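Data first, discussion second: the structure below is written as structure tokens.
Note on naming: letters A, B, ... go to the chains in the order of the sequence lines (proteins, then strands), and numbering restarts at 1 for each one. Predicted, not measured: the structure shown is a model, and the values here were computed from it.
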There are 8 protein chains.
Amino acid sequence: MTQQPLIGIIMGSTSDLEKMKPAAETLTDFGVPWEMRVISAHRTPDLAVQYARSARERGLAVIIGGAGGAAHLPGVIAALTTLPVIGVPIKSKTLDGLDSLLSIVQMPRGIPVATVGIDNAKNAALLAVRMLSVSRPDLAEKLAAFHQKMARDIEAIELAEMM
Amino acid sequence: MTQQPLIGIIMGSTSDLEKMKPAAETLTDFGVPWEMRVISAHRTPDLAVQYARSARERGLAVIIGGAGGAAHLPGVIAALTTLPVIGVPIKSKTLDGLDSLLSIVQMPRGIPVATVGIDNAKNAALLAVRMLSVSRPDLAEKLAAFHQKMARDIEAIELAEMM
Amino acid sequence: MTQQPLIGIIMGSTSDLEKMKPAAETLTDFGVPWEMRVISAHRTPDLAVQYARSARERGLAVIIGGAGGAAHLPGVIAALTTLPVIGVPIKSKTLDGLDSLLSIVQMPRGIPVATVGIDNAKNAALLAVRMLSVSRPDLAEKLAAFHQKMARDIEAIELAEMM
Amino acid sequence: MTQQPLIGIIMGSTSDLEKMKPAAETLTDFGVPWEMRVISAHRTPDLAVQYARSARERGLAVIIGGAGGAAHLPGVIAALTTLPVIGVPIKSKTLDGLDSLLSIVQMPRGIPVATVGIDNAKNAALLAVRMLSVSRPDLAEKLAAFHQKMARDIEAIELAEMM
Amino acid sequence: MTQQPLIGIIMGSTSDLEKMKPAAETLTDFGVPWEMRVISAHRTPDLAVQYARSARERGLAVIIGGAGGAAHLPGVIAALTTLPVIGVPIKSKTLDGLDSLLSIVQMPRGIPVATVGIDNAKNAALLAVRMLSVSRPDLAEKLAAFHQKMARDIEAIELAEMM
Amino acid sequence: MTQQPLIGIIMGSTSDLEKMKPAAETLTDFGVPWEMRVISAHRTPDLAVQYARSARERGLAVIIGGAGGAAHLPGVIAALTTLPVIGVPIKSKTLDGLDSLLSIVQMPRGIPVATVGIDNAKNAALLAVRMLSVSRPDLAEKLAAFHQKMARDIEAIELAEMM
Amino acid sequence: MTQQPLIGIIMGSTSDLEKMKPAAETLTDFGVPWEMRVISAHRTPDLAVQYARSARERGLAVIIGGAGGAAHLPGVIAALTTLPVIGVPIKSKTLDGLDSLLSIVQMPRGIPVATVGIDNAKNAALLAVRMLSVSRPDLAEKLAAFHQKMARDIEAIELAEMM
Amino acid sequence: MTQQPLIGIIMGSTSDLEKMKPAAETLTDFGVPWEMRVISAHRTPDLAVQYARSARERGLAVIIGGAGGAAHLPGVIAALTTLPVIGVPIKSKTLDGLDSLLSIVQMPRGIPVATVGIDNAKNAALLAVRMLSVSRPDLAEKLAAFHQKMARDIEAIELAEMM
């Protein structure tokens with residue numbers, strides 16, 4: 001996207017891309033510009049420091065970080081910026097996502113990570129939009145319309161025809 | 001507090017008060033006005049609807065909800081407002097907080113709850129301040145100062161004297 | 001079915017339909033009329049309120065709700081009606097159904113949900129029939145016959161022929 | 001109680017009595033007569049058979065069974081009667097109630113147990129009252145009043161005075 | 001087998017047959033006669049009582065029971081006989097066998113079940129042979145030979161050829 | 001005891017003694033002679049080998065091993081003898097006994113351990129007596145009497161007097 | 001490899017070979033000679049004793065042991081040598097690797113096993129190289145180069161081209 | 001200690017000191033010099049970088065890091081040094097140490113952490129001594145003596161006197 005990005009979407013590995021894509025797509029639906037990068041808390045620690053430390057001055061408002069296993073990325077980023085950081089636990093090959101979830105959500109007092117459900121990057125994007133909506137009524141309206149559409153879509157279902 | 005509250009702190013039961021208090025204290029430290037109420041998704045469903053539906057127009061920017069067990073409060077509130085909602089899983093008498101955590105964090109696509117660690121109401125408040133800081137540089141500065149103080153406090157520790 | 005439904009079967013999403021169908025089929029086997037709808041505690045909160053509040057006067061005797069993840073539907077419905085509500089935890093893509101189970105069964109004191117096994121919609125229907133049988137001897141007889149048939153079917157198995 | 005009991009409350013051991021008492025107290029509050037016995041699926045198997053097989057003809061409408069560990073009592077009873085059986089998982093000294101919960105709720109297709117939360121005997125009683133209310137409008141009214149009182153009690157809380 | 005069976009192998013459902021077969025095959029390898037039946041603690045409670053109560057006088061020495069989910073079969077049988085009962089937790093479609101394991105192993109004081117690993121019917125058979133070997137030196141010798149063969153088979157592996 | 005011991009009770013540490021004592025007491029009640037030792041699979045590996053290898057020729061019929069955490073003792077002993085080995089998972093300071101249970105019960109194909117419930121040494125003894133009863137009718141009779149006493153004790157309970 | 005091996009890679013079964021191979025490949029990449037064998041703590045206890053007891057004098061510096069289920073191999077080896085032992089929990093067919101992990105990591109005070117992530121044999125090799133690097137600057141340099149390459153590889157990713 | 005430290009012991013908070021002390025005490029027993037500091041991956045990220053990056057040149061051979069909850073410290077340090085890093089999961093107030101364990105052990109491919117049991121700092125020290133012993137025969141001898149003493153201490157136990 002050519003606009004100055006407001007939301008930074010980062011992930012620990014390209015193997016997380018498929019699961020993190022819905023975050024970008026949802027932000028695009030809401031007209032919120034984003035950027036996306038692979039940054040590993042463990043394999044590119046310097047890049048992580050540099051990305052997090054410069055985020056606010058580069059104009060980012062929220063950072064969304066997806067990671068699996070001993071998923072330190074969102075917490076490490078949150079330690080290095082004062083922007084809100086949203087963590088997406090990515091289910092890895094063992095333990096069904098429980099390790100990812102606990103490594104992200106159980107942060108010590110002082111450094112919070114806003115954790116969403118396992119593999120639920122779409123909700124990370126929606127949460128970022130909610131955060132922006134605090135000072136942007138246009139996004140509050142778009143969210144309200146989004147809620148109404150979700151309700152209408154469900155109310156229109158004709159189960160009888162599906163059985 | 002006499003100022004118009006920006007953050008609504010709600011909890012399912014008075015038994016959660018002790019664990020939710022640090023949220024209020026932290027917000028006060030940052031000079032962010034708050035209100036606090038007991039609202040149960042199950043025992044006062046009408047109150048929950050009314051509270052969530054009116055939150056944005058009453059001037060709230062973020063809602064923090066604490067609940068334990070089958071902890072539906074934050075998710076139910078998030079379904080009824082487009083403000084960001086932060087969930088605090090409260091450890092109850094059995095299952096060591098795992099039920100509270102999973103009931104709050106595993107929200108379906110469409111309705112996110114920003115979940116923090118079990119019993120970690122302080123981090124919920126800090127996360128709310130981070131959200132506000134997106135459009136309020138004064139809070140960004142206070143957060144930066146808070147981070148510096150945390151670091152200094154740790155660096156000043158003399159373990160040798162403690163052993 | 002053209003009869004006035006006695007049992008309401010609801011689910012959070014059409015993706016739950018395949019797993020909830022056995023509830024309807026079992027009720028049909030017992031000659032108990034039912035209705036089935038998609039209602040989401042989070043995406044259609046108004047519909048949930050309206051459905052639950054009107055259930056008893058519309059003639060429903062029992063509500064069966066299936067949901068996965070942070071599965072709030074049965075509990076939210078149970079808060080809004082005094083009819084017995086049966087919850088079916090639906091296994092979702094992560095955590096093997098444990099999140100669904102805990103979100104449904106661990107309800108706070110005051111609002112019970114009758115929880116059955118993960119993905120076990122058939123048992124939800126049988127439980128509903130047992131509830132009705134308290135005041136309907138015809139259903140008690142059908143249940144007794146059903147138990148006898150289950151026993152006979154197992155007793156007739158010739159393992160020797162299967163090996 | 002001198003009235004013909006409608007609800008049978010049973011438990012695997014006298015050590016469960018303290019946790020099962022709230023079931024009896026709640027039923028008394030609703031004016032529903034009950035009986036209470038210690039019956040073990042493992043230590044008194046004959047008694048379990050005899051109790052379950054005779055329950056309906058003795059006038060019982062619902063059986064509530066509490067048990068811990070490999071908690072077989074509610075399931076074994078449910079196999080021997082067609083009355084609705086409610087299971088209360090009792091937390092034992094290890095595994096924080098998870099073993100009790102899974103042993104009760106994960107019943108095979110054919111024999112349901114209506115499971116409530118761990119150590120939540122009060123909800124078992126409320127669920128039994130809901131079941132009876134299907135054919136008894138007086139209990140439906142009492143439940144409605146109970147819900148209203150719960151809501152009023154919470155709405156009357158003055159948190160400001162508690163901090 | 002035409003010999004008087006010493007080991008009874010039972011299971012809750014024909015769907016467990018594939019997983020229980022190795023028990024029979026292993027017993028055959030050791031020359032220990034067995035019988036195999038489908039018996040459900042919940043769907044054929046009378047058959048379970050009759051089978052367990054008559055087991056010792058019919059000449060059985062050990063009973064092996066496989067079951068999944070809320071797996072009550074081995075415990076219920078153990079309550080009705082004084083023979084040693086071996087439980088095989090069968091992994092079912094959810095919870096990865098944890099429910100089966102806990103429902104079998106966590107028996108209350110007084111009624112033990114000798115539990116083996118999830119889906120490990122072969123070990124149930126080997127355990128039964130060990131039990132018989134206490135009074136049968138011929139089986140002790142066969143077990144010793146079996147151990148030696150296991151060791152030799154592993155020691156003969158040429159990993160280099162497998163890479 | 002002065003008689004030749006039939007049952008060897010071993011444990012990984014003296015801290016397990018309190019939890020393993022009921023095994024000895026129960027065996028004494030049944031008149032079955034026992035011996036008790038501290039043997040660690042990790043801290044006294046040679047002693048473990050020597051104990052297990054000589055057990056059968058020294059006249060032992062069954063070995064009961066209690067251990068906590070990464071509880072290898074029963075499995076290591078079972079690898080070194082063909083006698084039946086019973087494992088008692090001891091709850092340690094973390095993880096509520098789950099680590100002990102899984103380390104004992106999930107043995108690989110070929111080497112079974114008869115696992116009883118967490119901290120349930122009494123059941124280990126009763127299981128050992130059941131094993132002996134296969135060839136000793138006197139113990140079968142004592143077990144039958146024990147079962148009858150358990151049932152009578154429960155049937156004699158007067159709950160009314162306890163409330 | 002023809003050089004005197006420094007690292008011994010052992011596993012409980014040939015079925016673990018596929019998962020343990022990356023350890024050998026990574027060591028080869030670092031020019032560290034290794035040997036690989038199948039040794040079972042349970043099926044070849046004598047071989048385990050002999051292997052561990054002779055390891056240091058045969059010139060081994062580190063032993064890597066992979067095992068699944070009740071995974072005793074690394075702990076048993078660690079009890080029989082004073083070399084550092086690295087444990088790789090292998091995910092088996094049930095419980096998603098949790099049993100393997102707990103059986104390896106929760107060793108009693110006195111006998112440590114250096115545990116890496118489930119199925120993560122590559123990290124076991126890297127950890128062994130780190131251990132060797134304490135006294136071998138050439139390996140420290142290779143590790144530093146490896147870290148730099150990992151960082152460069154990630155920094156070179158062009159996500160835009162992947163979407 | 002006045003000697004140049006070989007082992008760095010770090011922890012996320014002074015509240016971990018009590019649990020990490022045994023590491024220092026054990027190292028002292030083996031005559032291995034150590035240093036101890038509070039360093040938080042989240043609250044003092046700069047200090048963490050500086051400590052890890054300078055560790056090898058300052059003469060450290062091994063770093064032991066203890067942390068609880070979303071325990072990122074050992075992994076973050078391991079990303080910034082090529083020395084072996086040992087992680088000690090500290091049990092925190094909820095989830096019984098499982099979160100700490102998974103956050104430390106489940107590191108991504110490329111950056112290993114040698115994880116020991118929950119709250120088992122003594123084993124971390126013993127593991128560090130084992131690592132040093134690869135190139136220091138004096139420590140290998142001390143470890144051998146330590147093993148012999150452990151065995152003698154257990155063999156000297158007289159259980160009979162303790163009952």
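- Contact detail for E/Ser40 and C/Ile154: the closest heavy-atom pair is CB-CD1, 3.8 Å.
- When heavy atoms are compared at a cutoff of 4.5 Å, C/Asp119 approaches chain E solely by way of its side chain, counted from C-beta outward.
- In this structure, the separation between CD on C/Glu155 and CZ on E/Arg37 is 7.5 Å, given to the nearest 0.5 Å.
- Among residues 75-106 of chain C, the residues having any heavy atom closer than 4.5 Å to a heavy atom of chain E are, in sequence order, C/Lys91, C/Asp96, C/Leu98.
- Contact check for C/Leu159 versus E/Met11: side-chain heavy atoms found under the 4.5 Å cut-off.
- For E/Arg56, the CZ atom sits in a packed shell: over 12 heavy atoms of surrounding residues, nucleotides or ligands are nearer than 6.0 Å.
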